[in-house]
Trainee: 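Here you go, one structure.
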Amino acid sequence: MKILVCVKRVPATGGRIALTADSLDIDARYLGFTISPHEECAVEEAVRIVEAQGGSSTVLTLGPDAAADQLRDAMAIGIERAVLLETDGSDWDPMATAGAIVDAIRALEAEDGPFDLLLFGNEAADTGDFQVGIRVATALGRPAVSGIKAIEAADGRVVARREASGGGWEVFELPLPVVLGVKEGLNLPRYPSVPGRLRAKKKEIVRMTPAARRGGPIKERLRLPVGTESTVEVIGTGPEAAPAVVELLTRIGVVSR
Amino acid sequence: MILTLIEHVDDRPERLSLEALSLAGKLAAATGEPLHTVSFGSGAREAAKQLNGRGVDAAHVVEDDRLSAFAPVAWAATVSQLIAGLGPSIVLAAGSDRGNEVMAHVGARTDLPLAANCTEVVPGEPFRLTRQRWAGSLLEDATLDSPTKLLTIAPHAVAVEDAVEGDAQPAIEPFSPTLTDEDLLVAVVRRLAPDKSGISLTDARVVVGGGRGVGSADAFSELEELAAVLGAAVGVSRVVTSAGWRPHSQQIGQTGLRIAPDLYIACGISGAIQHIVGAKAAKRILAINTDRDAPIMSVADYAVIGDLHQVVPAITAEIRRVTGR
Ligand SMILES: Cc1cc2nc3c(=O)[nH]c(=O)nc-3n(C[C@H](O)[C@H](O)[C@H](O)COP(=O)(O)OP(=O)(O)OC[C@H]3O[C@@H](n4cnc5c(N)ncnc54)[C@H](O)[C@@H]3O)c2cc1C
Ligand SMILES: Nc1ncnc2c1ncn2[C@@H]1O[C@H](COP(=O)(O)O)[C@@H](O)[C@H]1O
């Protein structure tokens with residue numbers, strides 16, 4: 001099975017988000033970078049399928065030079081090849097991103113034959129546009145389904161499951177090639193090993209220059225939602241606080257005496 | 001014309017779709033345009049009739065049995081055909097799993113931009129909107145330039161307006177889309193029963209949450225005992241699921257569940273924005289943490305500063321003592 005996974009480099013914001021002075025971006029000067037947990041699961045799934053059935057795995061990102069770090073993270077747990085569609089680091093809207101990914105897939109497939117499975121995150125961690133994978137699938141004329149939390153791929157078909165809104169699971173059965181948008185919970189990603197990291201460091205990354213297009217909401221500014229902060233009342237310290245806590249729980253009706 | 005996609009369970013419109021419809025009603029009033037809806041599958045007509053008093057002029061019902069189970073591409077093909085035939089200025093759906101998926105397909109088929117998870121929309125030139133980034137931890141003010149504006153509305157960003165009694169009923173208009181085999185390929189072929197039991201995290205009145213501070217899979221027994229005496233569900237942070245201490249089905253946050261209990265007791269959880277975004281609908285948050293300055297303190301209502309391995313069992317014991325159980 002030939003698998004391509006698409007991932008996006010995003011800042012790993014912790015306890016609070018700080019914005020740049022022009023309010024157009026997250027101030028990432030003191031932050032590390034990562035990919036969405038959904039995409040981490042996509043990477044893990046690709047590695048597992050290739051381990052079990054053979055084939056090849058490729059990871060692709062559109063982003064700045066530094067996004068090579070996220071590609072190496074994926075290679076450290078077993079992805080074989082990496083492709084960087086290098087930008088100057090500015091925002092690409094979802095139509096532009098999808099267009100560039102489609103161009104890259106066509107180029108890669110012209111060289112090495114078609115991918116059987118294209119894996120995307122259900123939504124990117126930062127912009128949450130919920131659409132890049134679906135736009136890629138539509139442009140390539142391949143079926144797509146989102147929200148996937150279980151994949152079985154065999155004999156040219158996949159059986160994919162997603163959680164139904166009222167509980168339980170909805171099952172899809174599709175012929176390959178197929179495009180899946182996956183969610184965290186699909187699997188439990190492994191941690192990279194030290195030899196894995198060393199191997200990934202030495203691997204080559206294929207670089208391409210994507211062609212820009214326009215098509216999406218035009219960002220004017222970012223802002224933090226209001227009214228989320230509260231003033232905390234410290235009820236006590238250590239186990240001695242237990243009676244005061246239970247007093248509170250009784251007062252708010254959580255414990256009845 | 002403004003078109004809203006209405007999801008329904010049997011013949012009952014979904015709450016998130018009614019939220020989107022409430023916003024659509026305001027946009028229709030502001031622009032003077034008629035308001036239409038579209039719903040799919042068996043029950044579509046009955047669901048449309050439940051929209052009485054919500055300002056809907058026409059309800060397009062697609063009573064095609066093949067579209068009763070979720071079929072995102074076929075639903076999107078239908079919406080795209082309605083767009084081509086009726087030329088709406090705005091098409092909205094709920095920012096639900098289904099709504100976002102179907103509208104992404106609509107955007108892809110029509111080659112139009114889609115603004116997902118909007119919280120506010122101001123029609124005009126330019127057309128302005130606010131949408132959620134980082135699952136709502138950050139907002140983006142943006143403009144959208146498109147002949148038909150495609151939007152999904154973030155869950156719980158808009159209140160559902162009460163239906164006006166005696167208001168006109170929507171005209172029910174059956175619609176038969178032209179669907180290819182490819183359109184129908186992506187469809188639910190079967191459903192499986194839920195595999196979890198016990199108190200559901202999303203319905204629980206009280207949730208006891210555990211993070212890295214719990215320290216091990218075994219130590220969760222302390223949180224479980226507290227949950228048991230409170231009739232609460234146990235939820236966790238991503239550090240806990242990544243370590244394999246607990247299943248992902250218990251994860252609260254951006255890539256897990258959104259909870260809305262009366263009380264959330266967050267034990268050994270630092271309060272990263274991606275976690276808090278899943279718990280911010282909790283009426284009250286009690287944090288138990290060794291660190292007085294952990295970010296969770298800025299969103300918690302109450303706190304106990306201390307080692308959860310001492311504090312949690314002490315609270316459990318005290319509840320048992322006062323309730324005699
Ligand atoms: C795109 C993205 C999506 C994410 N989605 C989610 C998500 O859905 N859910 C989620 O939870 N996270 C999510 N995360 C991860 C998130 O950023 C944090 O890494 C995570 O929430 C931290 O978990 P934690 O609070 O358990 O651990 P930590 O941040 O390590 O905090 C541990 C806390 O425990 C306290 N502590 C330690 N020992 C004790 C003790 N003995 N007694 C009391 N307190 C103690 C410490 O003071 C500290 O405050 C996401 C991250 C990204 C980038
Ligand atoms: N810049 C990017 N590079 C590679 N893949 C991306 C990029 N942006 C989005 N994707 C993929 O598309 C998915 C959905 O993104 P979005 O539609 O932006 O929410 C993500 O989870 C990624 O798998």
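By convention in this document, chain letters (A, B, ...) are assigned in the order of the sequence lines, proteins followed by strands, and residues within each chain are numbered from 1.
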Trainee: Quick one: do Arg128(B) and Glu220(A) make a salt bridge, cutoff under 4.0 Å?
Mentor: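 Result for this pair is yes, salt bridge flagged.
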Trainee: Is it the side chain or the backbone of Val234(A) that comes within 4.5 Å of chain B heavy atoms, both, or neither?
Mentor: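 Its backbone and side chain both get close to chain B.
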Trainee: Are Arg29(A) and Asp27(A) close enough for a salt bridge, meaning some N to O gap below 4.0 Å?
Mentor: yes
Trainee: With a 4.5 angstrom heavy-atom cut-off, could you sort out which part of Val159(A) is near chain B: side chain, backbone, both or neither?
Mentor: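 Interface part for Val159(A): side chain.
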Trainee: Do other residues, nucleotides or ligands put more than 12 heavy atoms under 6.0 Å from Asp10(B) CG?
Mentor: no
Trainee: Counting only non-hydrogen atoms closer than 4.5 Å, does Phe127(B) touch chain A with its backbone (N, CA, C, O), its side chain (CB onward), both, or neither?
Mentor: neither
Trainee: Can you tell me which portion of Asn117(B) sits under 4.5 Å from chain A's heavy atoms? Options are side chain, backbone, both or neither.
Mentor: side chain
Trainee: Between Glu318(B), Arg109(B), Arg321(B), Lys149(B), which shows the greatest number of heavy-atom pairs under 4.5 Å with chain A?
Mentor: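 Looking at each option in turn, the highest pair count goes to Glu318(B).
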Trainee: Is it true that atom CZ of Arg223(A) has more than 12 heavy atoms of other residues, nucleotides or ligands lying nearer than 6.0 Å?
Mentor: yes
Trainee: Quick one: do the Glu44(A) and Asn187(A) side chains pair a donor with an acceptor below 3.5 Å?
Mentor: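 Absent: no donor and acceptor within the cut-off.
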Trainee: Which bit of Thr143(B) is near chain A, if near means a heavy-atom gap under 4.5 Å: side chain, backbone, both or neither?
Mentor: both
Trainee: Taking NZ, NE, NH1 and NH2 as the nitrogens, is one of them in Arg135(A) or Asp129(A) under 4.0 Å from a carboxylate oxygen of the other?
Mentor: no
Trainee: Can a salt bridge be assigned to the pair Arg197(A) and Asp73(A) using a cut-off of 4.0 Å between side-chain N and carboxylate O?
Mentor: yes
Trainee: How about His156(B) and Arg15(B): do any of their side-chain heavy atoms sit closer than 4.5 Å?
Mentor: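 Side chain of His156(B) against side chain of Arg15(B), heavy atoms only: contact under 4.5 Å found.
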Trainee: From Leu263(B) CG over to Tyr302(B) OH, what is the distance, rounded to the nearest 0.5 angstrom?
Mentor: 9.0 Å
Trainee: Which of the residues Val312(B), Val304(B), Ile265(B) is involved in the greatest number of heavy-atom pairs with chain A at under 4.5 angstrom?
Mentor: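 Going by pairs under 4.5 Å, I would pick Val304(B).
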Trainee: Assess whether atom CG of Asp307(B) is packed by more than 12 heavy atoms of other residues, nucleotides or ligands within 6.0 Å.
Mentor: yes
Trainee: Tell me, for Ala115(B) versus chain A, whether the close heavy atoms (under 4.5 Å) come from the side chain, the backbone, both or neither.
Mentor: both
Trainee: Answer whether the closest heavy-atom distance between the side chains of Leu24(A) and Leu222(A) falls below 4.5 Å.
Mentor: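 In short, these two side chains do not touch, never coming nearer than 4.5 Å.
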Trainee: Checking Ala187(B) against chain A: side chain, backbone, both or neither under 4.5 Å from a heavy atom?
Mentor: backbone
Trainee: Between Glu163(A) and Lys149(A), does any NZ, NE, NH1 or NH2 come within less than 4.0 Å of an OD or OE carboxylate oxygen?
Mentor: yes
Trainee: We want to know whether Arg238(B) and Gln251(B) form a side-chain donor-acceptor pair, criterion being a heavy-atom distance below 3.5 angstrom.
Mentor: no
Trainee: Top residue by heavy-atom pair count (under 4.5 Å) with chain A, among Gln274(B), Arg205(B), His275(B), Glu7(B)?
Mentor: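 Greatest number of close heavy-atom pairs with chain A: Gln274(B).
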Trainee: If I measure from the heavy atoms of chain A, does Asp262(B) come under 4.5 Å with its side chain, its backbone, both, or neither?
Mentor: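 The answer is neither part of Asp262(B).
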Trainee: Against chain A, label Leu138(B) side chain, backbone, both or neither, depending on which of its atoms sit under 4.5 Å from a heavy atom there.
Mentor: both
Trainee: Sort by residue number and list every residue of residues 290-297 of chain B having at least one heavy atom under 4.5 Å from chain A.
Mentor: Arg292(B), Pro295(B), Met297(B)
Trainee: As an exercise: rank Thr127(A), Leu19(A), Leu174(A) by heavy-atom pairs under 4.5 Å with chain B and give me the winner.
Mentor: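 Heavy-atom pair counts peak at Thr127(A).
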Trainee: Salt bridge check: are Lys183(A) and Asp97(B) linked by an N-O gap of less than 4.0 Å?
Mentor: yes
Trainee: For residues 114-125 of chain A, which side-chain N or O atoms pair as donor and acceptor with protein atoms under 3.5 Å away, sequence neighbours left out?
Mentor:
residue   : atom : partner   : partner atom : Å
Asp116(A) : OD2  : Lys2(A)   : N            : 2.7
Asn122(A) : OD1  : Gly147(A) : N            : 2.8
Glu123(A) : OE1  : His38(A)  : NE2          : 3.4
Glu123(A) : OE2  : His38(A)  : NE2          : 3.2

Trainee: With chain A, which of Val188(B), Leu144(B), Leu286(B) has the greatest number of heavy-atom pairs at distances under 4.5 Å?
Mentor: Val188(B)
Trainee: Under 4.5 Å, counting heavy-atom pairs only, tell me which of Val255(A), Ile17(A), Thr13(A), Leu224(A) racks up the most with chain B.
Mentor: Thr13(A)
Trainee: Using a cut-off of under 4.5 Å on heavy-atom pairs, state which of Leu249(A), Ile235(A), Thr138(A) scores highest against chain B.
Mentor: Ile235(A)
Trainee: Under 4.5 Å, counting heavy-atom pairs only, tell me which of Pro247(B), Ala303(B), Gly306(B) racks up the most with chain A.
Mentor: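 Greatest number of close heavy-atom pairs with chain A: Ala303(B).
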Trainee: For Thr130(B) and Glu140(B), test the side chains for any donor-to-acceptor distance below 3.5 angstrom and give the result as yes or no.
Mentor: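 Absent: no donor and acceptor within the cut-off.
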Trainee: Just so I understand: if I count every heavy-atom pair under 4.5 Å between each of Glu40(A), Met95(A), Glu240(A), Arg16(A) and chain B, which residue has the most?
Mentor: Met95(A)
Trainee: Below 4.5 Å from any heavy atom of chain A, which atoms of Asp111(B) appear? Answer side chain, backbone, both or neither.
Mentor: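 Asp111(B) touches chain A through backbone and side-chain heavy atoms alike.
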Trainee: Under a 4.5 Å heavy-atom cutoff, which of Ser146(A), Ser36(A), Ala241(A) has the most pairs with chain B?
Mentor: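 Of Ser146(A), Ser36(A), Ala241(A), Ser146(A) has the most heavy-atom pairs under 4.5 Å with chain B.
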Trainee: Given a strict heavy-atom distance threshold of 4.5 Å, which part of Thr231(A) is in contact with chain B: side chain, backbone, both, or neither?
Mentor: backbone
Trainee: With the threshold set at 4.0 Å, does a side-chain nitrogen-carboxylate oxygen contact exist between Arg98(B) and Glu14(B)?
Mentor: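 The answer is no: the pair does not qualify as a salt bridge.
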Trainee: Tell me which of these, Gly133(A), Ala144(A), Ser165(A), has more heavy-atom pairs under 4.5 Å with chain B than the rest.
Mentor: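 Among the listed options, the one with the most contacts to chain B is Ala144(A).
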Trainee: Go through Ile315(B), Thr323(B), Leu230(B) and name the one with the most non-hydrogen pairs under 4.5 angstrom from chain A.
Mentor: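 Counting heavy-atom pairs under 4.5 Å, the top option is Ile315(B).
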